[in-house]
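These notes are about the structure you will find just below.
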Amino acid sequence: MKQILLSIVAVMLCAGSCVAQDVKLPEPQKEGGKSVVETLWNRASGNEYSDRMLSEQDLSDLLFAAVGINRDNGKLTSPTAGNRQEIRLFVFTKQGVYEYLNAENILRHVVDGDHRDIVAAHQDWVKTAPVVLLMVADEAKFGRSDEHSKVVMGVDAGIVSENINVFCAGTGLVTRPRMSMDAPAIKELLGLDDTQTPLVNNPVGYPK
C-alpha cells in the first residue's frame, strides 16, 4: 500500500513539473564557419542525416542565421519587403514543435510529440532529420493579402530558406529546401488561420 501511495505521489509531482516549457537558447556566436566563398563552393542539398540532435548552440546559431535580429534597430539577418518581418519560423523535433521568437532568442513551446511526418508528406527521409524548420507567411503581419503580396511573401520565405542553406554549407550541417508538406494538417496542428500559410521547410541535421 505504501509503495502504491508513493507511486501516486510521484505521478502527481511529475504532472506538475514535467510539463513541456519554452527553451531559452544560448546567445548566437559571432565567429566561426567557413569563408563566404568557400561556403558557396560547398553549398549542396542533402538528405542523409545523423540521428544526433543538434546542440543548443548549433540550433541557436542556425535560427539566428534564418531570422535572427542582427542590429539594434530590430532588423533581421533575412530581409523582408518593407521590413514587415512576416515570416514565422517553427521548429519540429522528435520531442515537440516550437516557434522561434527572435527578440527573446527562445523556442516557444507549441505542442508535444513528434510531428515531422506531416512536414515529410510521404518522403520518409525527412523524418530522419533531427530538426525540421518550417517557414510560415503571416498576412496579418504583412498587412496585405492580394496576389502580388502573396508572391512577395513567398520570396521572403525563400530568402529565409537560403539563409539556412548557406549557414548549413558554411558550418558542415546538412539540409535541403522543400515545399512538399501536408499544409492542412500543419495548419490544424499549429492553430493557423486562413491568413497564415506554410510555404517552405528545411530539414537540418549533422552529416550521417
Within the distance-only criterion (no hydrogens, no angle test), does the side chain of [X] pair as donor or acceptor with the backbone N or O of [Y] below 3.5 angstrom?
X: Thr77; Y: Gly68; answer: yes
X: Arg71; Y: Leu76; answer: yes
X: Lys141; Y: Gln85; answer: yes
X: Glu188; Y: Ala185; answer: no
X: Thr128; Y: Ser50; answer: no
X: Ser60; Y: Pro26; answer: yes
X: Arg178; Y: Val119; answer: yes
X: Gln57; Y: Glu27; answer: yes

Within-4.5 Å side-chain heavy-atom neighbours: [X] and [Y]:
X: Tyr49; Y: Pro207; value: no
X: Ile106; Y: Val23; value: no
X: Leu107; Y: Leu59; value: yes
X: Leu54; Y: Leu62; value: yes
X: Val110; Y: Phe90; value: yes
X: Gln29; Y: Thr171; value: no
X: Thr175; Y: Ser45; value: no
X: Ile69; Y: Lys75; value: no

Heavy-atom pair of closest approach, residues [X] and [Y]:
X: Ile186; Y: Pro198; value: CG2-CG, 3.9 Å
X: Asn47; Y: Val174; value: N-CG1, 4.3 Å
X: Val160; Y: Ala66; value: CG1-O, 3.7 Å
X: Ile87; Y: Ala157; value: CD1-N, 3.8 Å
X: Thr39; Y: Gly170; value: OG1-CA, 3.3 Å
X: Gly46; Y: Arg176; value: O-CB, 3.4 Å

In terms of hydrophobic clustering (I, L, V, M, F, W, Y; side-chain heavy atoms under 4.5 Å; direct or indirect links), are [X] and [Y] co-clustered?
X: Leu173; Y: Val126; result: no
X: Val166; Y: Tyr206; result: no
X: Leu192; Y: Val67; result: no
X: Phe92; Y: Val136; result: yes
X: Ile164; Y: Val200; result: yes

For [X], enumerate each residue passing the side-chain contact (heavy atoms from CB on, under 4.5 Å) test, keeping only those at least two apart in sequence or located in another chain.
X: Asp194; result: Lys187
X: Pro184; result: Asp182
X: Trp41; result: Val37
X: Ala65; result: Phe167

Could you tell me the separation between the [atom1] atom of [X] and the [atom2] atom of [Y], rounded to the nearest 0.5 Å?
X: Met135; Y: Met179; atom1: CE; atom2: CE; result: 10.5 Å
X: Cys168; Y: Asp58; atom1: SG; atom2: CG; result: 10.0 Å
X: Leu199; Y: Met181; atom1: CG; atom2: CE; result: 7.0 Å
X: Gln21; Y: Lys24; atom1: CD; atom2: NZ; result: 14.5 Å

Exercise. Taking the hydrophobic residues Ile, Leu, Val, Met, Phe, Trp and Tyr, and joining any pair whose side-chain heavy atoms are under 4.5 Å apart, which ones share a cluster with Ile159?
Worked result: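 Besides Ile159, the hydrophobic cluster comprises Val155, listed by chain and residue number.
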
Problem set entry | Neighbour count >12 (heavy atoms, 6.0 Å) for atom NZ, Lys94 |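 Atom NZ in Lys94 is not crowded, with 12 or fewer foreign heavy atoms closer than 6.0 Å.
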
For this session: Mark yes when over 12 heavy atoms from residues, nucleotides or ligands other than Gln123 sit less than 6.0 Å from its CD; otherwise mark no.
Result: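 For Gln123, atom CD is crowded (more than 12 foreign heavy atoms under 6.0 Å).
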
[X]: which residues meet the side-chain hydrogen bond (donor to acceptor under 3.5 Å, both in side chains) condition with it, sequence neighbours left out?
X: Asp51; value: none
X: Lys208; value: none
X: Glu104; value: none
X: Tyr100; value: Asn105

For this session: Just jot down the salt bridge (Lys or Arg N to Asp or Glu O under 4.0 Å) partners of Asp114, sequence neighbours excluded, or say none.
Result: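 By the salt bridge (Lys or Arg N to Asp or Glu O under 4.0 Å) rule, Asp114 matches Arg116.
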
Exercise. Got a sec, which residues hit salt bridge (Lys or Arg N to Asp or Glu O under 4.0 Å) with Arg108, two or more places apart in sequence or on another chain?
Worked result: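 Partners of Arg108 by the salt bridge (Lys or Arg N to Asp or Glu O under 4.0 Å) criterion, ordered by chain and then number, come out as Glu99.
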
For this session: Begin with the C-alpha distance, continue with both residues' side-chain angles, and end with the deciding distance and a verdict on side chain to side chain contact (heavy atoms under 4.5 Å, CB included) for Asp112 and Gln95.
Result: CA-CA 6 Å; Asp112 286 329; Gln95 288 72 34; over 6 Å; no

Problem set entry | Mutual orientation of the aromatic rings belonging to Tyr98 and His109 [parallel < 30°, tilted 30-60°, perpendicular > 60°] |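 Ring orientation of Tyr98 relative to His109: perpendicular.
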
Problem set entry | Pairs where residues 149-162 contributes a residue and the test side-chain hydrogen bond (donor to acceptor under 3.5 Å, both in side chains) is met, not counting sequence neighbours |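 Non-adjacent pairs meeting side-chain hydrogen bond (donor to acceptor under 3.5 Å, both in side chains): Glu139-Lys150, Arg144-Ser149, Asp146-Ser149, Ser161-Asn202, Glu162-Asn165.
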
Exercise. Do you know which of Val132, Leu63, Val204, Leu134 makes side chain to side chain contact (heavy atoms under 4.5 Å, CB included) with Val91?
Worked result: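 Looking at Val132, Leu63, Val204, Leu134, the match for Val91 under the side chain to side chain contact (heavy atoms under 4.5 Å, CB included) is Leu63.
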
Exercise. Between Asp117 and Lys127, does at least one N-O distance fall below 4.0 Å, as a salt bridge requires?
Worked result: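 Here Asp117 does not pair with Lys127 in a salt bridge, since their nearest N and O are not under 4.0 Å apart.
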
Exercise. Yes or no on side chain to side chain contact (heavy atoms under 4.5 Å, CB included) for Val97 and Leu189, after CA distance, side-chain angles and deciding distance?
Worked result: CA-CA 9 Å; Val97 183; Leu189 177 73; 4.2 Å; yes

